[in-house]
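Per chain, numbering begins at 1; letters A, B, ... match sequence-line order. Basis for what follows: all heavy atoms, side chains included, without hydrogens, waters or symmetry-related copies.
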Amino acid sequence: MPDPLPRSFYARSALVVARELLGAQLVRIEAGQPRVAGLIVETEAYSGADDLASHGRKRITPRNQPMYGQPGLTYVYLSRGIHPMLNVVAEPEGSPGAVLIRAIRPLEGLDVIAQRRAGRLLHEWTSGPARLTMALAITKAHNQLDVTTTAGGLWIEPGEPISDEAVRTSPRIGLGKTPEPWLSIPWRWYVADDKFVSR
DNA sequence: CCGAGGATTATCT
DNA sequence: GATAATCCTCGGA
């Protein structure tokens with residue numbers, strides 16, 4: 001197995017990290033369970049204190065503090081009081097940035113995922129930020145976990161590089177009444193024609 | 001303190 | 001397509 005992507009990979013602009021995370025492998029290991037892994041096929045970047053769609057906007061708060069911290073750690077928060085969202089912190093320490101992992105294509109541990117997503121169609125298993133955290137059993141407890149080592153049971157390693165021809169961008173999803181230009185800026189990246197990309 | 005409002009999903013019509 | 005679920009964060013008083 002390849003080594004996890006190093007911290008230097010994440011210590012760059014969240015926009016670059018979001019693009020290059022496409023095709024990387026998200027890996028999850030739990031005690032007594034087989035390895036569960038999937039190819040990242042959809043990401044969003046949240047970058048800078050002036051990005052009004054980002055939790056990192058304006059200033060540090062108890063919740064968004066990880067976004068200002070060390071790159072290569074997770075930032076997991078609860079959406080709608082129910083759904084954990086998995087982000088990886090990007091940009092150097094002190095600069096608020098993160099990449100939201102919105103969808104993966106399951107590669108390993110399909111039986112474990114099938115059990116957690118019982119009753120859903122295959123393409124609904126991991127095609128959305130909350131769906132993927134359910135499939136991998138990721139919760140708020142995994143906030144600020146280091147994904148550059150395998151020690152925490154959750155990490156990211158190189159997978160299949162995705163060519164520019166296969167990459168699409170769009171505005172970010174679910175931003176509600178975020179003002180322009182943040183509402184429409186194309187900071188979502190996804191793999192074209194992949195059925196695991198969210199609607 | 002208090003209240004408004006989510007980086008969503010599942011379910012129902 | 002519309003809406004409930006569900007709870008925590010953050011801004012304002």
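For dC10(C), the OP1/OP2 oxygens have a side-chain nitrogen or oxygen of Thr61(A) closer than 4.0 Å. Not one side-chain nitrogen or oxygen of Arg131(A) sits closer than 4.0 Å to the OP1 or OP2 atom of dT8(B). Between Arg199(A) and dT8(B) there is no side-chain polar atom (N or O) within less than 4.0 angstrom of OP1 or OP2. Proximity of Lys177(A) to the phosphate of dG5(B): a side-chain N or O atom is located under 4.0 Å from OP1 or OP2.
Taking atom C1' on both nucleotides, dT3(C) is separated from dG5(B) by 16 Å, rounded to a whole Å.
dA5(C) atom C1' lies 10 Å from atom CZ of Arg80(A), rounded to whole Å. In this structure, CZ of Arg188(A) is placed 11 Å from P of dT8(B), rounded to the nearest angstrom. Rounded to whole Å, atom P of dC8(C) lies 12 Å from atom CZ of Arg63(A). For the pair Asp51(A) CG and dA7(B) C1', the interatomic distance rounds to 10 Å; values are reported in whole Å. Rounded to whole Å, the distance from CZ on Arg116(A) to P on dT9(B) is 17 Å. In this structure, CG of Leu52(A) is placed 15 Å from P of dC10(C), rounded to the nearest angstrom. Straight-line distance from the CG atom of Leu86(A) to the P atom of dT8(B): 14 Å, rounded to whole Å. Taking atom NE2 of His123(A) as the reference point, atom C1' of dT9(B) lies 13 Å away to the nearest angstrom.
Closest to the side chain of Leu78(A), from the set dC8(C), dT9(B), dA7(B), is dC8(C). If you check dG6(B), dA7(B), dA10(B) against the side chain of Met134(A), the one that comes closest is dA10(B).
Looking at heavy-atom distances under 4.0 Å, Ala53(A) makes contact with a base. Across all strands, Gly176(A) comes closer than 4.0 Å to no nucleic acid atom at all (heavy-atom distances). Across all strands shown, Ile82(A) has heavy atoms under 4.0 Å from base atoms, whether or not it also approaches the sugar-phosphate.
Neither side chain, His123(A) nor Arg105(A), offers a donor N or O lying under 3.5 Å from an acceptor on the other.
The pair Glu42(A)-Arg131(A) does not meet the salt-bridge criterion, since no charged nitrogen lies less than 4.0 angstrom from a carboxylate oxygen. In this structure, Arg168(A) does not pair ionically with Asp194(A), as no charged nitrogen and carboxylate oxygen lie closer than 4.0 Å. Note on Lys58(A) versus Asp50(A): no salt bridge recorded, every NZ/NE/NH1/NH2 to OD/OE distance being 4.0 Å or above.
The partner of dT6(C) cannot be assigned: no Watson-Crick or G-U wobble pair with both contacts below 3.5 Å exists in any strand. Across the strands present, dA7(B) finds no partner; the criterion is a Watson-Crick or G-U wobble pair with both atom distances under 3.5 angstrom.
For the pair Arg7(A) and Phe9(A), the cation-pi test (distance below 6.0 Å, angle within 45°) is failed.
If you find the closest nucleotide of DNA chain B to His55(A) and to Arg117(A), the one lying nearer the 5' end belongs to His55(A).
Criterion: ILVMFWY side-chain heavy atoms under 4.5 Å apart, direct or through other members. Under it, Leu21(A) and Phe196(A) are part of a common hydrophobic cluster.
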